[in-house]
Amino acid sequence: MDYRLTPAGEGEAELTVKRSRFIGRVRHVETEKEALSFIKEIRSLNRDASHNVCAYMLDRGIIKRFSDDGEPAGTAGSRILKSFSDKQIEDFCCVVTRFFGGILLGAGGLSRAYSSAAKLALDAAGICKTSVFSCLTVYCPYDLHDRIKRLLTDLGCLTENTEFGAEVVIKALAEPETINETIRRLAEESSGRLKVDAPEKQFKKIPL
């Protein structure tokens, strides 16, 4: 399956290095407009900060930007970008805010501080996979429920939701390349007693 790794949500983390505070914030973004909006939001919240260093990457690395915001070149924005690309994280925007504590950290110290703040923010956000799935809705008689749930699992499908009413309604995700075989096996296992809505392709996040 073709998938991407991306932040599962928003994350924030803080560390102090020689009295300088570094606050990392990360968010999943899907467009450059969303990334720039996030950067503007964080800078607005931290107008009194010494620096608001940022980095973002989109579209399989086609769009890749960073800003040192006044820090020495190679010690800030590029280090944030590298901390994400080393983990193959895409479709993200990260801003690390620094409040200077009066002690110079040197190039190495700055690089480590910005990288660490970015990594901690990502840890706080969590990581998920995003991919295109075929979304199935299966209408199942009660006496077939357990058997069909096991079959879906065996076929590598992910069950999103199960509703119990006049019949059991199972919403599941299948890899697009396996959807024809999945539908065939469902019909075979149930002797044609299941109703399956025509699958639709959707972009989904799956937590790791």
Side-chain angles (χ1 to χ4, degrees), residues 1-13 24-35 37-38 55-65 80-95 115 117-140 144-165 167-190 194-208:
M1 179 189 295
D2 182 27
Y3 67 87
R4 305 181 190 186
L5 298 178
T6 188
E10 287 194 35
E12 180 176 329
R25 297 178 177 91
V26 64
R27 177 183 290 177
H28 167 78
V29 294
E30 297 183 3
T31 66
E32 191 163 22
K33 182 179 180 180
E34 289 180 3
S37 177
F38 181 54
Y56 59 90
M57 184 167 66
L58 299 157
D59 294 338
R60 294 294 195 187
I62 294 174
I63 299 175
K64 188 187 302 184
R65 308 275 191 271
I80 294 172
L81 193 63
K82 185 175 186 303
S83 70
F84 281 80
S85 60
D86 282 351
K87 293 187 175 183
Q88 299 181 312
I89 307 298
E90 306 177 53
D91 298 337
F92 73 88
C93 181
C94 181
V95 183
S115 295
K119 290 174 182 176
L120 289 172
L122 179 60
D123 288 343
I127 299 173
C128 69
K129 293 196 300 186
T130 60
S131 184
V132 174
F133 288 90
S134 290
C135 303
L136 289 170
T137 302
V138 181
Y139 301 87
C140 175
L144 293 179
H145 171 239
D146 290 341
R147 191 192 312 172
I148 296 305
K149 286 290 288 287
R150 283 195 299 271
L151 177 60
L152 287 169
T153 300
D154 291 344
L155 291 172
C157 299
L158 301 173
T159 299
E160 276 199 304
N161 187 41
T162 304
E163 299 176 0
F164 298 91
E167 58 189 341
V168 183
V169 181
I170 304 169
K171 293 185 181 296
L173 305 177
E175 297 180 15
E177 58 269 26
T178 68
I179 190 61
N180 290 335
E181 175 65 10
T182 297
I183 292 174
R184 186 190 71 78
R185 290 287 304 279
L186 287 170
E188 181 182 87
E189 186 73 17
S190 67
L194 297 180
K195 176 189 173 187
V196 180
D197 282 351
E200 296 181 355
K201 288 186 178 181
Q202 293 183 17
F203 202 65
K204 294 282 187 176
K205 288 184 180 181
I206 306 298
L208 293 181

For Glu188, look at atom CD and say whether over 12 heavy atoms of other residues, nucleotides or ligands are found less than 6.0 Å away.
yes
Non-hydrogen side-chain atoms of Thr137 and Val169 separated by less than 4.5 Å
yes
The criterion is salt bridge (Lys or Arg N to Asp or Glu O under 4.0 Å); which residues satisfy it with Lys204, sequence neighbours excluded?
Glu160
Side chains of Val95 and Ile80 in contact at under 4.5 Å (non-hydrogen atoms)
no
Test item: Leu173 and Cys135 side chains (from C-beta on) under 4.5 Å apart, heavy atoms
yes
Taking every non-hydrogen atom, the tightest pair across Ala35 and Cys93
O-SG, 3.7 Å
Scanning both residues in full, the closest heavy-atom pair of Ala8 with Cys128 reads CA-SG, 3.7 Å
Testing Glu34, His28, Arg60 one by one against Asp91 for a side chain to side chain contact (heavy atoms under 4.5 Å, CB included), which residue passes?
His28
A side-chain contact here means heavy atoms from C-beta on lying under 4.5 Å apart; do Val168 and Lys149 qualify?
no
Is any side-chain heavy atom of Ile170 closer than 4.5 Å to one of Thr159?
yes
By salt bridge (Lys or Arg N to Asp or Glu O under 4.0 Å), which residues pair with Arg27, not counting sequence neighbours?
Glu10, Glu41
What's the shortest heavy-atom distance between Ser83 and Lys119, and which atoms?
CB-CE, 3.8 Å
Taking all non-hydrogen atoms of both residues into account, name the closest pair between Val132 and Lys201 and its distance.
CG1-CB, 4.0 Å
Is there side-chain contact between Met57 and Phe92, with heavy atoms separated by less than 4.5 Å?
yes
Min side-chain heavy-atom separation Ile206-Tyr3 under 4.5 Å:
no
Step-by-step side chain to side chain contact (heavy atoms under 4.5 Å, CB included) determination, Thr31 to Leu58:
CA-CA 7 Å; Thr31 66; Leu58 299 157; 5.5 Å; no
Salt bridge (charged side-chain N to carboxylate O under 4.0 Å, His left out) between Glu32 and Arg65: does it pass, once the steps are laid out?
CA-CA 10 Å; Glu32 191 163 22; Arg65 308 275 191 271; 3.5 Å; yes
Heavy-atom closest contact (Ala121 atom, Arg25 atom, distance):
CB-N, 3.9 Å
d(Glu167 CD, Leu144 CG) to nearest 0.5 Å is 11.0 Å
With sequence neighbours excluded, residues passing salt bridge (Lys or Arg N to Asp or Glu O under 4.0 Å) with Glu30:
none
Please step through side chain to side chain contact (heavy atoms under 4.5 Å, CB included) for the pair Leu136 and Lys171, ending with a clear verdict.
CA-CA 6 Å; Leu136 289 170; Lys171 293 185 181 296; over 6 Å; no
Report yes if the side chains of Ile183 and Pro199 come closer than 4.5 Å at any heavy-atom pair, otherwise no.
yes
Contact summary for Thr182 and Cys157, nearest pair of heavy atoms:
CG2-SG, 3.9 Å
